[in-house]
Amino acid sequence: MSVRSKMLKIRNLPKGHRRLGSINTKPIDLFIAVLAFGVVLIAVKSLFIGTFLIAFSLYNILFIRGDCLAEFYDDFVVFYHVNSHKDECYLVFWEDIDKWQVLKNRKHYDELIIGLKNNTIVRFPCVSKIKLARYFRRYAQGSTREDVVTSKTM
């Protein structure tokens with residue numbers, strides 16, 4: 001069976017699709033919450049800890065680079081940083097997915113394993129498995145497996 005999912009240059013991504021969400025390396029929401037908590041601590045006279053939390057969160061928001069690892073669209077998902085070429089990405093169409101699972105890894109990142117309908121298996125590092133699983137459960141119509149496993153079974 002032929003599938004449209006493939007590795008391609010980022011500039012060649014399909015245009016005109018609605019972006020549903022993304023997974024980034026920098027959790028901006030968390031840093032904003034820490035910033036707000038620091039302001040609250042200063043307001044209740046805990047000056048040292050509040051100042052530290054504000055400085056920490058501002059440093060992370062302003063100076064730490066955040067990369068996009070995956071973007072979810074209505075027809076496909078795009079995975080970035082899949083190899084050493086920064087200008088390439090892997091495009092996976094939802095209808096091409098036969099099965100998928102998240103492999104738990106205690107030493108490094110968890111791993112998303114996708115089995116395509118042409119029996120090709122692709123693997124991606126997984127940072128936010130809850131968010132990733134939510135999109136895959138909803139849009140990967142043909143998926144037959146969605147559980148988190150601890151051994152390489154696929």
Side-chain angles (χ1 to χ4, degrees), residues 1-38 52-53 55-154:
M1 172 174 225
S2 177
V3 295
R4 298 185 301 162
S5 300
K6 61 184 173 186
M7 179 80 72
L8 73 152
K9 300 280 185 189
I10 292 172
R11 67 177 178 265
N12 295 331
L13 284 171
K15 305 283 189 246
H17 292 272
R18 184 172 57 105
R19 187 175 141 206
L20 305 170
S22 64
I23 295 176
N24 299 308
T25 57
K26 182 166 64 170
I28 293 289
D29 297 341
L30 176 67
F31 293 129
I32 290 173
V34 170
L35 178 72
F37 186 62
F52 174 75
L53 290 178
F56 172 76
S57 58
L58 283 176
Y59 176 79
N60 280 293
I61 290 170
L62 298 174
F63 298 112
I64 301 296
R65 190 178 92 202
D67 292 329
C68 184
L69 297 177
E71 288 183 321
F72 303 96
Y73 292 87
D74 49 1
D75 290 334
F76 53 85
V77 59
V78 179
F79 293 97
Y80 299 99
H81 305 288
V82 292
N83 59 19
S84 61
H85 303 291
K86 297 203 184 278
D87 64 336
E88 290 185 341
C89 61
Y90 202 96
L91 175 71
V92 178
F93 285 90
W94 295 120
E95 72 250 9
D96 291 346
I97 297 173
D98 184 35
K99 56 189 170 190
W100 62 276
Q101 66 184 12
V102 176
L103 180 66
K104 229 179 183 169
N105 188 341
R106 296 193 201 300
K107 294 181 183 177
H108 302 290
Y109 294 113
D110 293 338
E111 186 176 38
L112 171 68
I113 303 170
I114 300 174
L116 300 175
K117 290 184 178 176
N118 66 351
N119 295 326
T120 302
I121 295 187
V122 289
R123 298 169 181 264
F124 304 104
C126 177
V127 182
S128 178
K129 65 184 167 201
I130 294 170
K131 189 177 206 179
L132 185 116
R134 183 177 66 224
Y135 284 107
F136 269 75
R137 272 189 230 110
R138 177 183 259 171
Y139 294 103
Q141 304 285 328
S143 76
T144 57
R145 185 158 181 131
E146 58 184 85
D147 58 339
V148 177
V149 296
T150 55
S151 63
K152 295 187 178 186
T153 59
M154 201 165 155

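All residue numbers refer to positions in the sequence shown, counting from 1. Please read these numbers as outputs of a predicted model, since none were measured by experiment.
K104 is not listed as a side-chain neighbour of E111, based on a closest heavy-atom distance of 4.5 Å or more. You'll find the side chain of P14 reaches within 4.5 Å of the side chain of L91, heavy atoms only. Side-chain contact check for I121 versus L116: every heavy-atom pair is 4.5 Å or farther apart. Residues L35 and L58 form a side-chain contact, since some pair of their non-hydrogen atoms from C-beta on lies under 4.5 Å apart. Contact annotation: the side chain of F136 approaches that of W94 to within less than 4.5 Å [non-hydrogen atoms, C-beta and beyond]. You'll find the side chain of Y80 stays beyond 4.5 Å of the side chain of L69, heavy atoms only. The side-chain heavy atoms of L132 and I23, taken from C-beta on, include a pair separated by under 4.5 Å.
In the displayed structure, F37 atom CZ is contacted under 6.0 Å by at most 12 heavy atoms of other residues, nucleotides or ligands. Sparse packing is recorded around CD1 of I130, with 12 or fewer heavy atoms of other residues, nucleotides or ligands lying under 6.0 Å away. Atom CG of D74 is surrounded by more than 12 heavy atoms from other residues, nucleotides or ligands within 6.0 Å.
With sequence neighbours excluded, the residues that form a side chain to side chain contact (heavy atoms under 4.5 Å, CB included) with K9 are R11, N12, D87, E88. Residues satisfying the ring pair (Phe, Tyr, Trp, His ring centres under 6.0 Å) test with F79, not counting sequence neighbours, are F124. Residues meeting the salt bridge (charged side-chain N to carboxylate O under 4.0 Å, His left out) test with R134, sequence neighbours left out: none. Taking F76 as the reference, H17, Y73, F93 meet the ring pair (Phe, Tyr, Trp, His ring centres under 6.0 Å) condition, with sequence neighbours excluded.
Ring pair F31/F56 is perpendicular by interplanar angle, where above 60° counts as perpendicular and below 30° as parallel.
What you find for C68 and N24 is that their closest heavy atoms are CA-OD1, 3.4 Å. The two residues G38 and L53 come nearest to each other via the heavy atoms CA-CB, 4.0 Å. Across all non-hydrogen atoms, the minimal contact from Y135 to L20 is OH-O, 3.1 Å.
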Full working for side chain to side chain contact (heavy atoms under 4.5 Å, CB included) between K117 and D96: CA-CA 6 Å; K117 290 184 178 176; D96 291 346; 5.5 Å; no
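Within the structure, salt bridge (Lys or Arg N to Asp or Glu O under 4.0 Å) contacts touching residues 19-34 (residues at least two apart or in different chains) are R19-E71. Contacts classified as side-chain hydrogen bond (donor to acceptor under 3.5 Å, both in side chains) and involving residues 57-66 (residues at least two apart or in different chains) are given here: R65-D67.
A side-chain contact (heavy atoms from CB on, under 4.5 Å) with I113 holds for exactly one of V122, L103, V102; it is L103.
Note that CD1 of I97 and OG of S5 are 7.0 Å apart. Values are rounded to the nearest 0.5 Å. Taking CD1 of I64 as the reference point, atom OG1 of T25 lies at 10.0 Å (rounded to 0.5 Å).
Remark: side-chain polar atoms of K131 are paired, donor with acceptor, to backbone N or O of S22 under 3.5 angstrom.
Ion pairing between a basic and an acidic side chain is recognised when a charged N comes within 4.0 Å of a carboxylate O; K129 and D110 show such pairing.
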